[in-house]
Amino acid sequence: MLDVSRFFMPKKDILRLIDFLAFHKINTFHWHLVDDNGWRIEIKKYPRLTDISSWRAGREAVFPMRSNAELGEPVTTGGYYTQEDIKEVVAYAQERFVEIIPEIEMPAHTNSSLAAYPNLTCPVINHYIGVITGIGGKNASTIYCAGNDSVFTFLQDVLSEVMTLFPSKYIHIGGDEATKDNWKICPKCQARMKENGIQTEEELQSYFIRRINKFLISKGKQLMGWDELVESEIPENAVIFGWRGLGTGAYKAGEKGFKYIMSPAQKYYYIRYQGPQWFEPYTYFGNTTLQDVYLYEPQNEKLLPETANRMMGVESCLWTEFIKSTNEADYQIFPRFAAFAESAWSNPHKKNWNDFLSRLDNLLKAYDFLGINYSRSMYNLSHKVTPIRGMLEVELLSIRSDVKIRYTLDGSEPKSESVLYNGKLMIKPGEFLRAATFKGGKLVGAILPLHTINNKATGHNAFINNTPANALTNGILGSEKVTDGEWLDFNDKDVVMTIDMDSMTICSSIKLGIMNNSGMGIHLPKNVQIDGSEDGKSFKTLLEKSYTMSNCFQNGLFRQTENYDFPKCRIRYLRLSVQNPGLCPQGHVREGQKSRMAFDEVIVD
C-alpha cells in the first residue's frame, strides 16, 4: 500500500514502483488516493476536488508540527492524477500481472474533500476547513456528516467514476480513525440515529458503511476496510485489513466468517524505523527491522483452521508523513520489501533468516543497478548500556549473524584489526566507545559512537516506582527521537524518579534531560520537586520549581537540559517528583489533547 495523499508521487514513479512490485512477485497494489492531506484522483463531476482538494499550504516543519492552513493562505504543494493517468497506470500494472485496488477514505480522513465541499460535513462545524498540512489537531475530527443525504450522493458519484477506472472487483473505503464528537452534537446525525433506531455513534458509522456497501454490491464490487469496521456490525461480504498493533482485529472478522488481510502496523508499516534510530531519518513510532518483517508470521496455532483459512494474504504499507522525495520513499521501502515478499510466499517452516541474508546481498547488487536508494540499516549496531555498581555494561547488537563487531575506546575509528567484540563489556563512565560491523574485513555498517558522560549518578541505580530506570543513569544522552531507547516516556501522568548513589555523596546540583516535541505533545513538567535522603525513607525537600504554561508548552522539536541548584548537602538518595503539565493549550498543534513527558539522563554534581 502506498499513501500518495501526504506525499504526492508523480506518475512516472508510480510506474517505476509497479515494476518493482512485479520484480518481487507482489501481485496487488493498494493505492491510498485520498486522505486529509490531499485528494489525488480527478473526478470529473466534482472539479473542485482537483482545483482545491489536491493542494495544501506549504510547511517546512516535520509533519506532526505543521500548523493548519489559514483562510486565504496560498496553497503550493500537491498534485493529482488525471483519469488518463489512472488508465495508463492500470494498464501498465495489468501487463505486469499487478492488480490495483483504489482507496477512497470515509467517513474520516476527509478534510481534503471537505475543503472543497464544506456542506458535506456536520453543520456544527464553525471553523475554516482547509486541506490539512500535518496531523491537523482537532481539525482532523472534521468528517463527513452521516445525517446528510448529500454525502451519500457525493460518494456514490465519486465511486461510480472510480469504478470505471479500476477493473478490480475490490474498492477500499478506509473506515479508520473516525472521531465522532461532532456526530454527537450534530442535529442531522442525531436525527438519523433516532429515525433508524441507532443507539450509538459507533453504530452510526456502521450504518454509514453499510449504506456505501449496498451501493458497491449493486455495482458488482466488494468492499474492503480497516479493522475499525469490526467494532460494530461488519458490512456484508467485506474484507477486513488488520492494522492496529498486531492486526488482531482482522482475526475477529475471520471468526465471524469474513475474509481478511493482515497488515499489522508493528510489523509491516514502513513508516517505522528500520534500524538503530541514531542513524535513521526522523519519523515516529518504534522499530520494524528487516528481521522483524522477515520473521513475522500472520497465523498461529491458536487460530481455528476455518479462521486461518479466511486470510487472503498480507500487506505492507508505506505511509508518507515524513517522505519528501521518491528517493526517501525508496529508503523506507527497500530492502524490507524483499523480506516481506519472501516471507509472504514462503512456507513458514522453510524460512531461514541467515539463508535469506546471503541471497539478499546478491539482490542488493540488482538494487544498485536499478538505482534503488535502499537502506543499509541491517548492518548498523544497536546498543544497550546498563549502570552496574558505578560502571557501565555495554551490549552491542546486530540483526546480522554473519558480521564481526569491532570497537575502540581511544576515540579512533574502528578498523578491521580493532578489538573484536565477543560479548558484553564493562567500561568506565566518561569513556568513548566507537564500534561498527565488518564483513570480509571490510567496514559495512555506520560507526556507532557512544560518548558516555561521567557524574556522581552515572553507573548507579535509578528507579521509578521500584522499577529499574536505567536510561536515567547510564551515561548516554538521548537523541531527538523519543523512541531511541534512551528516553523514559510518560503519557498523562506524574512521575517519581529515585536515584541511589550507593554511598553518602556531597552534591549541590541536578541536571535533568527533558524532551520537547510539540508535534507529539511532549513537554516540560509543570512542577519539579527534588528531595534528598540518607536512608531512602526519610526525605527532605532540597528544591522546588514550577513552570509557566509558556515555559511548559514550547513549540518545536529539541532536547534540553534543565539545571536545578540547591544548598550543598550530604545524601545517598535523590528523589525527583515531576508533575504532568496537563492538556495541550489553545493554539497548540494538539490542542485539548493529553500531554506527555520524556526524560533521559539525571546528572548529579
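Model, not experiment: these values are computed from the prediction.
- Between the side chain of Thr179 and the backbone N or O of Ser141 there is no donor-acceptor pair closer than 3.5 Å.
- Under the salt bridge (charged side-chain N to carboxylate O under 4.0 Å, His left out) criterion, Glu201 pairs with no residue at all, not counting sequence neighbours.
- A heavy-atom distance below 4.5 Å is found between the side chains of Cys186 and Cys145.
- One N or O on the side chain of Glu601 and one on the backbone of Gly475 form a donor-acceptor pair closer than 3.5 Å.
- Applying the salt bridge (charged side-chain N to carboxylate O under 4.0 Å, His left out) test to Asp292 and every residue at least two apart in sequence or in another chain returns nothing.
- The pair Arg59-Glu73 counts as a salt bridge, with a side-chain nitrogen and a carboxylate oxygen less than 4.0 angstrom apart.
- Glu70 has no carboxylate O lying under 4.0 Å from a charged side-chain N of Arg56, or vice versa, which leaves the two without a salt bridge.
- In this structure Glu202 satisfies the salt bridge (charged side-chain N to carboxylate O under 4.0 Å, His left out) test together with Lys180, sequence neighbours excluded.
- Shown here is Lys526, whose NZ atom has no more than 12 heavy atoms of other residues, nucleotides or ligands within 6.0 Å.
- A side-chain donor-acceptor contact under 3.5 Å links Arg590 to the backbone of Gly519.
- Taking 4.5 Å as the limit, some side-chain heavy atom of Val495 sits within range of a side-chain heavy atom of Met597.
- The distance from the CG atom of Leu155 to the CG atom of Leu120 is 7.5 Å, given to the nearest 0.5 Å.
- One side chain, Asn527 or Ser546, offers a donor N or O that lies under 3.5 Å from an acceptor on the other.
- A donor and an acceptor atom, one from each side chain of Tyr273 and Thr283, are nowhere located under 3.5 Å apart.
- Qualifying ring pair (Phe, Tyr, Trp, His ring centres under 6.0 Å) partners for Trp487, counting only residues two or more places apart in sequence or in other chains: none.
- Residues forming a ring pair (Phe, Tyr, Trp, His ring centres under 6.0 Å) with His383 (at least two apart in sequence, or on another chain): Trp278.
- At distances below 3.5 Å, not a single donor-acceptor pair connects side-chain atoms of Gln266 with backbone N or O atoms of Thr288.
- No donor-acceptor pair under 3.5 Å is formed between the side chain of Glu544 and the backbone N or O of Gln529.
- Among residues two or more places apart in sequence or in another chain, the side-chain hydrogen bond (donor to acceptor under 3.5 Å, both in side chains) test is passed with Glu255 by none.
- Every residue two or more places apart in sequence or in another chain that forms a side chain to side chain contact (heavy atoms under 4.5 Å, CB included) with Lys545 is listed here: Tyr547, Glu562, Tyr564.
- Glu103 meets the side-chain hydrogen bond (donor to acceptor under 3.5 Å, both in side chains) test with His30, His32, Trp226; sequence neighbours excluded.
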Could you give me the CA-CA distance, side-chain angles and deciding distance for Asn474 and Glu486, then say whether side-chain hydrogen bond (donor to acceptor under 3.5 Å, both in side chains) is met? CA-CA 9 Å; Asn474 70 354; Glu486 293 298 336; 2.9 Å; yes
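- Counting only heavy atoms from C-beta outward, the side chains of Trp319 and Leu2 never approach each other to under 4.5 Å.
- For Arg336 and Tyr270, the positive end is not near the middle of the six-membered ring at less than 6.0 Å and at most 45° from its axis.
- Closest of all the heavy-atom pairs between Asp565 and Ser509 is OD1-OG, 3.1 Å.
- Residues passing the side chain to side chain contact (heavy atoms under 4.5 Å, CB included) test with Thr121 are Leu114, Ile125, Ile129, Thr142, sequence neighbours excluded.
- Two rings, from Tyr46 and Tyr117, have their centers less than 6.0 Å apart.
- Put simply, the side chain of Gln560 reaches to within 4.5 Å of the side chain of Gln554, judged on heavy atoms.
- Residues forming a ring pair (Phe, Tyr, Trp, His ring centres under 6.0 Å) with Phe463 (at least two apart in sequence, or on another chain): none.
- Taking each heavy atom of Ile209 and Pro107 in turn, the nearest pair found is CD1-CD, 4.3 Å.
- Here Asp149 pairs with Arg192 in a salt bridge; the nearest charged N to carboxylate O distance falls below 4.0 Å.
- With contacts defined as side-chain heavy-atom distances shorter than 4.5 Å, the pair Leu472/Asp600 does not qualify.
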Stepwise side chain to side chain contact (heavy atoms under 4.5 Å, CB included) test for Val604 and Leu574: CA-CA 9 Å; Val604 179; Leu574 277 166; 3.7 Å; yes
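- Both the sub-6.0 Å distance and the 45° axial angle are not jointly satisfied by Arg40 relative to the ring of Tyr80.
- Inspection of the Asn287 and Gln277 side chains reveals an N or O donor paired with an N or O acceptor under 3.5 Å.
- Without hydrogens or angle criteria, Asn516 side chain to Leu557 main chain gives no donor-acceptor distance under 3.5 Å.
- Between the Ser518 side chain and the Gly556 main chain, a donor and an acceptor come within less than 3.5 Å of each other.
- Under 3.5 Å, the side chains of Asn37 and Ser5 contain no donor-acceptor pair of N or O atoms.
- Shown here are the salt bridge (charged side-chain N to carboxylate O under 4.0 Å, His left out) partners of Asp489, two or more places apart in sequence or in another chain: Arg596.
- Salt bridge absent: Lys540 and Asp531 never bring a charged side-chain N and a carboxylate O closer than 4.0 Å.
- In this structure, Phe63 has its ring center no closer than 6.0 Å to that of Tyr284.
- Interatomic distance, Arg211 CZ to Leu216 CG, rounded to the nearest 0.5 Å: 13.0 Å.
- Considering all non-hydrogen atoms of both residues, Asp494 and Asn580 come closest at OD1-N, 2.7 Å.
- Side chains of Trp243 and Glu315: no donor on one and acceptor on the other come within 3.5 Å.
- Phe279 meets the ring pair (Phe, Tyr, Trp, His ring centres under 6.0 Å) test with no other residue; sequence neighbours excluded.
- Using a 4.0 Å cut-off between charged nitrogen and carboxylate oxygen, Asp3 and Arg6 count as a salt-bridge pair.
- Between Thr133 and Arg66, the side chains place no donor N or O within less than 3.5 Å of an acceptor N or O (distance only, hydrogens not considered).
- In Lys138, the NZ atom is not crowded: 12 or fewer heavy atoms of neighbouring residues, nucleotides or ligands sit closer than 6.0 Å.
- A salt bridge is defined here as a Lys NZ or Arg NE, NH1 or NH2 lying under 4.0 Å from an Asp or Glu carboxylate O, and Glu233 with Arg210 meets this definition.
- In summary, the side chains of Glu203 and Asn196 do not present any donor paired with an acceptor at a separation below 3.5 Å, with no hydrogens or angles considered.
- Under 3.5 Å, the side chains of Ser113 and Tyr144 contain a donor-acceptor pair of N or O atoms.
- Taking the centre of each ring, Tyr269 and Phe285 stay at or above the 6.0 Å mark.
- Between Pro276 and Ser382 the shortest heavy-atom distance is CG-N, 3.6 Å.
- Across all non-hydrogen atoms, the minimal contact from Thr76 to Gly58 is OG1-N, 3.7 Å.
- Residues Leu583 and Gly592 share a closest heavy-atom pair of CD2-O, 3.7 Å.
- Ring centers of Phe8 and Tyr81: under 6.0 Å apart, within the cut-off.
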